[in-house]
Amino acid sequence: MRVRKLTCGLLTLLLASAAVGCQGLSGEGKKEYGFSFREISEEAGITFVHEKAQFDRKVDNIMPWLVSTGAGVAVGDYNGDGWMDLYFVNSRKGSKNALFQNNGDGTFTDVADQLGLADINHDGISETAVWFDFDNSGYPSLFVGAWGRSKLFKNNGDGTFTDITDQAGVGYKGYVSKAITLDYNRDGYLDLYLGNYFHERNDLWNLTTTKIMHDDFERARNGGPNVLYRNNGDGTFTDVSKELNVDDTGWTLATGSADINNDGWPDIYNANDFGPDVLYLNQEGKGFTTVVQHAGIGDDTFKGMNVDFADLFHDGNLAFYISNVSKRRYILEGNQLWHQDANGTFVDRAEKLGINIAGFSWGAKFFDADNSGNFSLMVTNGFISASKERDYWFDLGTLATTPGDVIEDARNWPTFGDKSLSGYEQKHLFYNDGSGGTFPDIAQDVGITFLEDSRGVAAVDLFNRGVLDLVFANQGGAARVYRNEPKTGNNWIKLKLEGTTPSNRDAVGTRVIFEVNGIRTIMERDGGNSHGAQSDPRLHFGLGTAEKVDKLTIRWPSGRVEEFHNVPANQVLELKEKAAPITTSKQ
């Protein structure tokens, strides 16, 4: 692997997509693919086991439901050594989070205790985490979103962290399910957006009422309001949620940001449990407007639990994948893939591609599994795995359809006991072979066969080999790390972006256009999209058999546009934004 630094004015750089057929038939008639996955958790030294919460005994009847979220993993290079590290969150009071430092030799060491990032689950429990360089220091700090009081740990750049929650003003007390970062006003400082679940007025450990649940299975709006913290650029943040119209009161399980309408400003999508989801379009940093419902989204009434984006059709329009609930005989909502057509209407293409049914789905991530230049899709699932003989689906169906029952009151819910609810589900890897047809589920064929209740999945090049590995955060179970074992000689390119003023240093919101053999594909540097996980901050793009990227166009958050040409394959390129006059042309 070669690592090169290009500082904005140098040669032209990269993209590509040459899809190459990489599957065939084995002697037994079984399909073989150009890659497989091998679990390496134990040999790599990643021994983290997630622990579930325990709340007030007044709601013991549905305790398994209430403690069904919280497993998550955030990927970042905390010490700047070029190797991606893994931070896992835990969900029982008194339990410890873990930061596995990548040793660069195939092994990891948990350093959370010595850095003060482990024993933090006392005035709340961790539910989500995101690495972000809020002060443009060159080192990512860590925000931990909690059920209870959230925390911000400043990376001092010398191998230590300092809890600056109070002085920064981000110690939100509520029920954060997902935290992402974006520069909504493009002032060069990363802001925080928190997707919240239960209403903050309730204390799940000391309840004064059992009326804590959603008030409708399809149109609940009594969740905790979401929070947007504007970064003031001086180490402090200000809550501007109401002012900017993004204080969504849906039961948000995932939120994501991308430039959905291609106007150069980051938008926000909230995947809400018990529907409807909400899409906020950014009005040049001055506020957000909610997309009209006839555009195809915002009125689905499903159980949204994930959002991730990709230029799946190589047409310059980001498609976004929303995970929901599907259980044959009980509920078939189906996951959704929203894609904007030529008329500007959002169309759900999931069923046509065969990626709509994936069980009780949670985290999902687009990634190039075989360096073909096409984005495949990994979907985690499984809700509560307990008794294999006793099932809660009938009880739930009765509750949802019986007149007079007030579902907001947990006392009216049937006792869960040791019953399962969509337990022991097989994970799904929907493979994109570039043909434009359906995406077959090949998870078991390529070695992903575990059945634990999974919440988050991160795609990350753990060993800097030029392929993407997968890390799974499992609810009440051990984390699983899968090493990608490529079988083809497909080429690749990886971008490590660094913005300069007035862009944010993390370069979140940067849009890159890769052109390879006449195919144009866009990617964006995101700020932690996908439920339960933050993936590799570097942009990884497969080139298939192409040996170079014909043209690479970069639109930085500042508006500056740079182009690179004939960029050789199989290297990590560190690109720093050039301080030059801003180009105003849109991409």
Side-chain angles (χ1 to χ4, degrees), residues 33 35-52 70-79 81-92 95-115 117-119 121 126 129 131 362-363 365 367 369 378-382 385-386 423-429 442-487 530 532-536:
Y33 294 86
F35 63 98
S36 62
F37 284 94
R38 177 172 65 88
E39 188 185 353
I40 60 164
S41 312
E42 185 175 347
E43 68 183 72
I46 297 176
T47 56
F48 180 79
V49 178
H50 177 263
E51 300 177 62
K52 296 182 180 182
V73 58
V75 176
D77 180 10
Y78 89 90
N79 55 2
D81 64 357
W83 300 87
M84 292 297 123
D85 312 300
L86 305 173
Y87 186 76
F88 290 93
V89 295
N90 223 332
S91 300
R92 179 182 60 80
S95 65
K96 291 187 176 183
N97 296 352
L99 172 57
F100 286 96
Q101 177 181 294
N102 192 330
N103 299 322
D105 61 0
T107 67
F108 294 76
T109 302
D110 186 0
V111 296
D113 256 326
Q114 66 192 63
L115 297 181
L117 301 176
D119 193 17
N121 295 315
S126 302
W131 295 99
W362 291 90
K365 188 66 184 175
F367 76 114
M378 185 70 226
V379 184
T380 67
N381 59 19
S385 296
Y424 308 101
E425 292 192 326
Q426 171 62 50
K427 313 310 165 216
H428 298 270
L429 199 173
I442 65 169
Q444 296 185 67
D445 292 333
V446 297
I448 300 176
T449 59
F450 74 96
L451 300 177
E452 287 98 332
D453 299 327
S454 195
R455 295 296 176 263
V457 55
V460 49
D461 187 352
L462 287 173
F463 311 107
N464 289 338
R465 299 172 299 141
V467 293
L468 292 174
D469 310 297
L470 295 174
V471 180
F472 295 88
N474 297 321
Q475 187 72 10
R480 290 184 179 265
V481 180
Y482 282 86
R483 178 185 172 100
N484 192 332
E485 304 283 3
K487 301 176 183 178
S530 182
Q534 177 184 23
S535 290
D536 198 323

I need the [X] [atom1] to [Y] [atom2] distance, nearest 0.5 Å.
| X | Y | atom1 | atom2 | result |
| --- | --- | --- | --- | --- |
| Ser36 | Lys487 | OG | NZ | 4.5 Å |
| Glu452 | Gln475 | CD | CD | 12.0 Å |
| Met84 | Phe108 | CE | CZ | 10.5 Å |
| Met378 | Ser454 | CE | OG | 7.5 Å |
| Lys52 | Asp453 | NZ | CG | 6.0 Å |
| Asn97 | Asn121 | CG | CG | 4.5 Å |

Does any pair with a residue in residues 466-478 pass salt bridge (Lys or Arg N to Asp or Glu O under 4.0 Å), and if so which ones, sequence neighbours excluded? Arg465-Asp469

Would you name the heavy atoms of [X] and [Y] that are closest together and state the gap between them?
| X | Y | answer |
| --- | --- | --- |
| Ala458 | Ala533 | N-CB, 4.0 Å |
| Ser91 | Gly70 | OG-CA, 3.3 Å |
| Ala129 | Ala74 | O-CB, 3.6 Å |
| Phe367 | Leu468 | CB-CD1, 3.9 Å |
| Ser535 | Ala459 | OG-N, 3.0 Å |
| Phe88 | Ala479 | CE2-CB, 3.5 Å |

Run the side chain to side chain contact (heavy atoms under 4.5 Å, CB included) test on Leu99 and Gln101 for me, step by step, so that the C-alpha distance in whole Å, both residues' side-chain angles and the decisive distance to 0.1 Å come before the verdict. CA-CA 6 Å; Leu99 172 57; Gln101 177 181 294; 5.6 Å; no

Are any side-chain N or O atoms of [X] and backbone N or O atoms of [Y], one a donor and one an acceptor, separated by less than 3.5 Å?
| X | Y | value |
| --- | --- | --- |
| Arg455 | Gly382 | yes |
| Asp536 | Asp461 | yes |
| Ser385 | Tyr424 | yes |
| Asn102 | Leu462 | yes |
| Asp113 | Ala118 | no |

Cationic N near anionic O, under 4.0 Å, Arg483 to Glu43: no

Quick one: are [X] and [Y] in side-chain contact, heavy atoms under 4.5 Å?
| X | Y | value |
| --- | --- | --- |
| Leu86 | Val75 | yes |
| His50 | Asn90 | yes |
| Ile40 | Phe463 | yes |
| Asn103 | Trp83 | no |
| Val481 | Ser41 | yes |
| Gln534 | Trp131 | yes |

Check the angle between the aromatic planes of Tyr482 and Phe450 and answer parallel, tilted or perpendicular using the 30° and 60° thresholds. parallel

Name all residues meeting the salt bridge (Lys or Arg N to Asp or Glu O under 4.0 Å) criterion together with Glu39; count only those two or more places apart in sequence or in a different chain, and write none if there are none. Arg480

Given Leu451 and Gln426, is the side chain to side chain contact (heavy atoms under 4.5 Å, CB included) satisfied, shown in steps? CA-CA 5 Å; Leu451 300 177; Gln426 171 62 50; 3.9 Å; yes

Do you know which of Val379, Ile448, Val73, Leu470 makes side chain to side chain contact (heavy atoms under 4.5 Å, CB included) with Val457? Leu470

Donor-acceptor side-chain pairing of Asn381 and Lys427 below 3.5 angstrom: yes

Does Phe35 form a side chain to side chain contact (heavy atoms under 4.5 Å, CB included) with Ile442? I'd like the steps, not just the answer. CA-CA 11 Å; Phe35 63 98; Ile442 65 169; 3.6 Å; yes

Taking the six-membered ring for Trp, are Tyr78 and Tyr87 ring centroids under 6.0 Å apart? no

Under the side chain to side chain contact (heavy atoms under 4.5 Å, CB included) rule, what do Asp77 and Asp85 come out as? Steps first, then yes or no, please. CA-CA 5 Å; Asp77 180 10; Asp85 312 300; 3.7 Å; yes

